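For clarity, every value in this text was computed on a predicted model and none was experimentally measured. Side-chain atoms are counted along with the backbone in the values below, which use heavy atoms only and exclude waters and symmetry mates.
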Amino acid sequence: MSASAIIFYCISAFLLGTGILAVTAKKIFRAAIWLLLSLVGIAALYFWMQVEFIAAVQIIVYVGGIVILIIFSIFLTQQSGKEMPKPALGKQLFAALAVLFGAAFTCTLIYGNWFFQNDGSAFKPTVGDIGTQMLSTTEHGFILPFEVVSMLLLAAMIGCIVIAMKSNQTTISSPEIKETN
Amino acid sequence: MNEVPLMHILFVSTALFFIGMYGLFTRRNMITMLMSIELMLNSVNINFVAFNKYLFPEKLDGIFFTIFIITIAAAEAAVAIAIIINLYRSHQSIDVDDATEMKF
Amino acid sequence: MLDDFFILLKQELLITAIIFLLLFLKLGKERTNESLLRIANILLLLNFISGFFFIKSGTLFSDMFQTSPFISLEKNMLNLAIWLISMQSYNWLKTHKHVIEFYILLLTTLLGMFFMISSGNLLMFYLGLEMSTIPLAAAANFDLFKRKSSEAAMKLIISSAFSSALLLFGISFIYGTTGTLTLAELPAHLTGSPLQVFAFILVVSGFSFKVSAVPFHLWTADVYEGAPIAVTSYLSVVSKAAVLFVFVSVLYHAFSSLSALWYNILFILSLLTIIIGNLFALRQDNFKRFLAFSSIAQVGFILIGISGSSQAGTASVVYFILIYIFSNLAAFGVVSLVSAVTGKEKISDFKAFYKTNPLLSWILTIALFSLAGVPPTAGFFGKFFLLIAGAAKGNYLLIGLAALNMVISFYYYLRIVKAIFMDPNETPVEKIAIPVMPKIALYICVTGIIVTGIASVVYDYIFSISPGF
Amino acid sequence: MNLSILIILPLFTALIILFCNGLKQVRSVALLGSVAQLLLSGFLLYLYLQERNTGNAAPMLFENNYVWFAASNIHFHIGVDGISIAMILLTASVVVAGILVSWEMEKLNKEFFFLLILLSMGAYGFFISLDIFTLFFFLEIAVIPKFLLIGIWGSGKKEYSAMKLALMLMAGSALVFVGLMGIYYQTGSFDLMEISQLAIPLDVQLFFFPFAFVGFGIFAAMFPFHTWVPDGHASAPTAASMFLAGISMKLGGYGCLRVATFLMPDAAHAYSWLIILLATIAIIYGAFATMMQTDLKYINAYSSVSHCGFVLLGIGMLTETSINGAVLQMVSHGLMTALFFAAIGMIYSRTHTRMVAQLGGLLKVMPFISTVFVIAGLCSLGLPGFSGFVAEMTVFMGSWQNPDTMYRLATILSCASIVVTAVYILRAAGKSVMGPIENTAYLQLTDAKWNEKMAAAILIVGIVLIGIAPFLINSLIGPGTEHIMQNVGKAITLK
Amino acid sequence: MPNYSYILWIPLLPLATFLLLGLFGRKYVKTFSGILGSLSLLVSTVLSFVAAHQYFYVDGKVNGVYQKIIALKYTWLTFSPNVSIDMGIIIDPISVLMLVVVSFVSLMVHVFSLGYMKGEERFATYYAFLSLFTFSMLGLILSSNIFQVYMFWELVGVSSFLLIGYYFDKPSAVAASKKAFIVTRFADLGFLIGILILGFYGGTLDIGLLIERLTAAQSSEFIAMSTAGFLGVSALTWALTLVFIGGAGKSAMFPLHIWLPDAMEGPTPVSALIHAATMVVAGVYLVARLFPVFSMDGTALQIVMYTGAFSALLAAIIACTQTDIKRVLAYSTMSQIGYMMFALGVAKYGGEDGLGYMASMFHLFTHAFFKSLLFLGAGAVIHMVHSNEMKDMGGLRKSMPITHLAFLIACLAIAGIPPFAGFFSKEEILTAAFHTNKMIYGVALFTAALTAFYMFRLYYSIFWRKESHHHANAHGEGTLTMKIPLVVLAVCAIGVGFVPFSSLVTSDGVALETHMDLVFSIPPVVLALIAIGIATYMYKSENGKSAQLTAALGGFFVAAKKKFYMDEFYLFITGKIIFPLIGKPIAWIDKNIVDGFMNLLANITGKISELIKGFQSGRVQNYAIYFFGGIIGLAVIFIYLWK
């Protein structure tokens, strides 16, 4: 058992553990932190797989972006200190069972599946060729998705602005509350 | 380092995926639900990268897919959070069980 | 190469252009909503008309983008639908603060759908799918101060995120087992190994979520009820249609080697969808919710048509969707008019509707009859061809059950007709003044409902260009 | 003559009505249209006879065959034989009568007449179409107007009845649809004539015949799917009841004959025992059920169940005579029951009750209406000189030709119903028309107006004409039944 | 081929009258309608006499045999190539005989009604109905096709229904008319089925052809029919019995006679026409029509014989107890028809054995005259007294001499006192009966005596008994138009007995030599005279004797007066069995089970949709769980189960 293998298992143990904590932690702020750690662990996994570029993106976008966003929203919506309401035990159990079953099911499928073995050709993606390929219009060029995503981001941005913008009218039209029940 | 078989990486990602799913099923706080979804997406990313690296290294499809997933996840998270904030304004709560006016 | 580029991408480029135009309008000097709406509608109309010209088939960026007369027809149907919707939601938008943003969001999703429809590649497909969902979730929240609206948006975004996660999980395994993301290359690599089957089911679930097929439909009703009617109709017509288009081509081409499998899957899904949709529609009182379930049932019928898996199948699905656009939008149009003026959205509010609004009543009735599939409305032909296509495999059990479910559906459609014409009501909806734009839209819908069926040229044209294999 | 006119004319009438306003305009347009249609049908009859006399022995005349949906091999194929012409004439006269009867319709008159005409258009289209798709198309067109007519202008528990009727009929057409699918995928064609030339394999027939037959049977008030009939007829406004019983129940019988039996003769033979069983039950059971009714409309509705049983019996017996009789019975019952409903409507519009117990002695105050009522009654109990006799006797003779003992028994039982018929008709007539005047208020009532007299006259003429000169209509429908029998006969030899 | 086509006019004229009066009578013709009807009928009558003369004395007979002549015939409704309803006119002895009787009696009644129905509000309608009836009756007797017979049979029934219910605002009249129609209808059912059987085996509906085929013992039809059987009885017997049931219904044979007494609710002239002379003998006529076929089947004839005899006796007994004069007459009619029936029953085809047939027809002939006379007389009386009850009458002989005389003659005739008409016919019948069946002969004799008895009971209680003339104030004896028919018919009642009947009407058309031998003519006359004596002794003047007799008879008398509870029996069948035990349950089943099932389906659907609404819980997490569940479900199905 080589060193890299040991490293791999450590990383996976770490990210899974933190992941579990992230979805079970009582306090929401802690949960966010655990999530962050778990994401970092994933980045580490990418490093281990020698896809540094992805690892970098992971760090930048997730750790630097999303988690921060989440934390901000936590601050916006509630005081982070207080414990979150516990989910009903029955629900927990049921969810656990369902999830375990699903996981087992998937794993057996994966286990039983024969994967194509590659011809051992080296896998060395450098940031450079990723960049060129990203912007090339030729075979294996990803310019179109790139543009599309940009449009999507634009739209998402506009949407967020409209929705989340603090607007002068804050009184909630209450009639619906009665009318629904 | 090929003595770590692909299988194991897939197991890890699967586990992560279902951890996320568990979170989604049980967490009542919308933001934490969002976190769980992020976890699931990440596990998918791991899959793609692993596949690309282990099985089909001659092309970079998996890598690019990962990149785009991450981007989209960001957009999704942004919109989701915006919606959650708006919902918080109207409901004074982000507990998913408080937002069940419409049913049956 | 370049002119080719422009012609093939024509529709996408147009939409993008409109988006940016609207952005500039936003940045430019303050305008009244009326003028903005006028501009927007004219632009959309032009966009729709332009869809009939310079039709060419070809692919771009290797496998990323492909188009054909058939595909551009599908896109143009969506163009038509979005134009009609924007005309109908005139009353609602007139007083809204963020008209332009609304249009931008909608158009972005439309763009996403276009890319999704002409995607030759799972990546593009995924991007298109997300692009047609995320902004829509935002748009669903556009009744900014309605609790229901934000609840609907929340439900939409969370469940769609969940479903896309599952979809991606599936796609990742498909990638892992086949080594390619190109749809055209998939059949060669798909062996039907258990993992692939699982992955495929995950993908199907992603589609089913979008078209709201049972049991992946549960978000539908709530979102439809809460979202602004414009968004609801957009969801129930446009996004559904787009995904169905893709579903057909993906099933027929990318997964043709699994056809035996997905035929059975569709068999189960379609029956479940029709039955559950009907059973829930029976007891709805909120009109939007009712239409949600009825549209679920309709999807069930469409799935039957898809399961026919032939040129007739494709044609009948597209044909039915065209009819469905007209019928559903006519219904939504009337409802949106009523709710924009009076805020009433309950079926019980429509009692004795005929006394005050005969015109709207007839339009609504015709629309409902078309949805129910009563001749001479187009809905009859649509359903007929769907079932013909479905029966091609000789699965008469499916056809029989579907036909009997049509009876149940008759019950709830007729229930509304009964409310409109027969039930007494001392406080009926007051007489509603119909602005010109919604009026035009409604008339177009009604004409569509009547003509599309009887005039066989429509079906024959669709049939002639729809790809067989 | 291009038969499409038969559809186009009503269509235009309906459209014009939409642009009229005021009762006077509307009703006059409707009347004009329907009378024109009646004349047209008469002219069609004339042309038809001429063709036949010139020795044109083609099974169908005046055929037009346009491709409609090329992709699914759907044609708009129309043509007529004697049977369809008889049906068309029936429809036309009932429509005219119905419009005359509802001359004073005040409430939403435009919509009312529009729907009436639309309904009739469905019937015309149904009777002339030689393509199962168009047949089905028109069959369903004829359903929804009924729903609206009953639900909006009806009386009593109209919504319930309307809903029930619409749903049961739709269920019927759903079954028919499945049958059509089966036929289509066996033969790849919707064309009646074409399919009749191809032999559908027996097992397929055995599987799909019940769908088609029961489907149409629901329209024809086949036991036990007849329950829409009483409620529907009772709640419907007069004209609508006339149309329902006079026309739309005939759609069912015609369909059973022209589609189910004609295209799947082997299965028809295999299932004839069942058909006959149900028909016999319907006849007897309907008659006894009628005996217990107290509402004139219910009486007539249940008697319709019993009388339509004869249609199915005739079809089930599968002899040329019996099928002839079935067609005759359709026509006769159409006219007779329409007349009956017309009379009931006239009485109801004056006395505002349909309860036999509350009526009485009307013959004194409204002799014309009462006479019409009695005539309808006598016709329905099969009095010679009226159409009912001819039809029923033909059915009996034909059924008797079927030598199987059980079938004989069925025939005898059905014959027995004529006694019960006499009982309930005489009870109804004896109590409501004859006897002392129950309610002195009735003494002020007036007799029929010109329009009502016209309506009654048209129908009575038809009834009596068939009654005293059946050889005319017989020679009209004869070739049609022969052509159908060719297929059925083939099946006999094949068994 | 002699030309009889003008006979067509005999039925057509009344038809024309009916249409005319029916459509325009109420408005335009009004009071003239009576004259109109009578005139048109006069023409028919003359024509029928001409026809009779031509047939019997000019060209009817070909080398000693009266031919069956089909005057004209055309196809009316074709069932199958050889089975069709043809409208035709058949000329043979019995049809010509009936032609004369019907048209003549009908004419008399028309004339009588001119006075009797004067001032009725629906005068025109009355005559329209009369003409309709005459038309149908004439059509019936001229029919050459058995189905044609059935058609006119029905028409006769309905016109009798209309005439009985003429006073439609009298509930009893309505009830009576309904009863008459339904009972006869029930019998017609038998007739119809009989026709179906005959038509099927005979392969034709034409009477001539039918007889020809079914009387030839070696013809395939006959063999098929006599061998084919159902419930151990041959098809032929079935057919004939069923046909006879039809006849029994119309001719009020036991047990289908119950409608006849009630039918007296109609105007009296109507009773005279329909329920004395014409319609009620239709049954006899029918059997006579098919007699050659009947004669091939002993069983059927036996049934005819016993039914007839029993009815004759029963009716005579009941007649002795009734107090409503018209009912008495009704029962006597029934009893006389019973005579005709069993006379047919005892007959054979051809030659001497055909005596019964001849006698039956002869009695039919004579009976028509004196019975209609009796009814018209009764009518005249009722017209004066305004009551049917004997107790309201008595001592009318002074106030209405002509009626009295006519009535007396009729009584003598029916009692069979020579030289009145009844004597001859009865005597023949008795002879025929004696030759075949002694028991029947005894019954016949006894009945004859009874007849004489109750007729004179009737006679005395109308015209004698109390001397008081409290009716003198009433308007005399009625108009001239009422007297003339009485006189004419009285003359006939005396005279028609001398018609050389046996040489004209016989079973095979060959003249039959009948010789009067006292052995057969004395006993009935003596018995009749004794009976009359008793009647005179008991009823001529008011005394308690009749009361003593009834007391002596006790229960039997009560039973007879109550018509042996037949009506009650039928009432029980219909009211206690058919309606509550068949009708009600079916109506209930229809409402609750058949219809209920349809509603149940709807309700179940609704219930289910209510049941599963919980899935739409509004909680997005549950949605996700179901979503995942769906995936797992599909996966499990399609990976492990659905290979």
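Counting heavy atoms from C-beta on, the side chains of D:Lys164 and E:Asp595 come closer than 4.5 Å. The closest side-chain heavy-atom distance from E:Leu205 to D:Met397 is below 4.5 Å. In this structure, the side chains of E:Val83 and D:Trp400 stay at 4.5 Å or more apart for every pair of heavy atoms. Residues D:His226 and E:Asp590 have side chains in contact (heavy-atom distance under 4.5 Å, counting atoms from C-beta outward).
Top candidate by heavy-atom pairs under 4.5 Å with chain E, chosen from D:Gln401, D:Lys364, D:Glu320, is D:Lys364. Of the listed residues D:Val423, D:Leu378, D:Thr319, D:Thr405, the one with more heavy-atom pairs under 4.5 angstrom with chain E than any other is D:Val423. Of the residues considered (E:Ile193, E:Leu189, E:Leu155), E:Leu189 shows the highest number of contacts with chain D, using heavy-atom pairs under 4.5 Å. The candidate with the highest count of non-hydrogen atom pairs below 4.5 Å against chain D, out of E:Thr75, E:Asn599, E:Ile589, is E:Asn599. Considering only heavy-atom pairs separated by less than 4.5 Å from chain E, the leading option among D:Leu363, D:Ile412, D:Leu167 is D:Leu363. Taking chain D as the reference chain and counting heavy-atom pairs below 4.5 Å, the highest number among E:Pro171, E:Pro585, E:Gly583 is found for E:Gly583. The choice from D:Asp231, D:Thr411, D:Ile418, D:Leu472 that makes the most heavy-atom pairs within less than 4.5 Å of chain E is D:Ile418. Options D:Thr394, D:Val374, D:Asn324 differ in how many heavy-atom pairs under 4.5 Å they form with chain E, and the most are formed by D:Thr394. In terms of heavy-atom pairs under 4.5 angstrom with chain E, the leader among D:Gly398, D:Gly361, D:Ala416 is D:Ala416.
Of the atoms belonging to D:Arg427, heavy atoms from both backbone and side chain fall under 4.5 Å from chain E. Heavy atoms of D:Asn474 lying under 4.5 Å from chain E belong exclusively to its side chain. Interface remark: D:Met292 contributes side-chain atoms only to the contact with chain E (heavy atom separation under 4.5 Å). There is no contact between D:Phe368 and chain E, counting heavy-atom distances below 4.5 Å. Contacts of D:Thr371 with chain E are absent, with no heavy-atom separation under 4.5 Å from either backbone or side chain. If you measure heavy-atom distances from D:Leu383 to chain E, the contacts under 4.5 Å come from the side chain alone. When heavy atoms are compared at a cutoff of 4.5 Å, D:Ile468 approaches chain E solely by way of its backbone atoms N, CA, C and O. Of the two parts of E:Phe597, neither the backbone nor the side chain holds a non-hydrogen atom closer than 4.5 Å to a non-hydrogen atom of chain D. Residue E:Tyr167: no heavy atom, backbone or side chain, is found under 4.5 Å from chain D. Residue E:Val594 touches chain D through both its backbone and its side chain, counting heavy-atom pairs closer than 4.5 Å.
Other residues, nucleotides and ligands place more than 12 heavy atoms under 6.0 Å from the NZ atom of D:Lys157. Residue E:Phe200 places its CZ atom among more than 12 non-hydrogen atoms of other residues, nucleotides or ligands, all under 6.0 Å distant.
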Apply side chain to side chain contact (heavy atoms under 4.5 Å, CB included) to D:Tyr302 and E:Ile586, showing your working.
CA-CA 12 Å; D:Tyr302 272 106; E:Ile586 283 180; over 6 Å; no
Walk me through it: do D:Phe288 and E:Ile578 pass the test side chain to side chain contact (heavy atoms under 4.5 Å, CB included)?
CA-CA 9 Å; D:Phe288 275 110; E:Ile578 291 177; 3.9 Å; yes
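Heavy atoms only, all atoms of each residue included: D:Leu426 and E:Phe181 are closest at CD1-CD2, 3.5 Å. Residues D:Cys415 and E:Leu196 come closest through the heavy atom pair SG-CD1, 4.1 Å. Smallest separation of non-hydrogen atoms from D:Met434 and E:Gly165: CE-O, 4.2 Å. Minimum interatomic distance between D:Pro224 and E:Met598 (heavy atoms only, all atoms of both residues): O-CE, 3.5 Å.
For the atom pair D:Ile284 CD1 and E:Ile582 CD1, the distance stands at 10.0 Å (nearest 0.5 Å).
The aromatic rings of D:Phe389 and E:Trp76 sit tilted, their planes meeting at an angle between 30° and 60°.
Looking at E:Leu192, E:Ile195, E:Leu77, E:Ile85 one by one, the single match for side chain to side chain contact (heavy atoms under 4.5 Å, CB included) with D:Met393 turns out to be E:Leu192.
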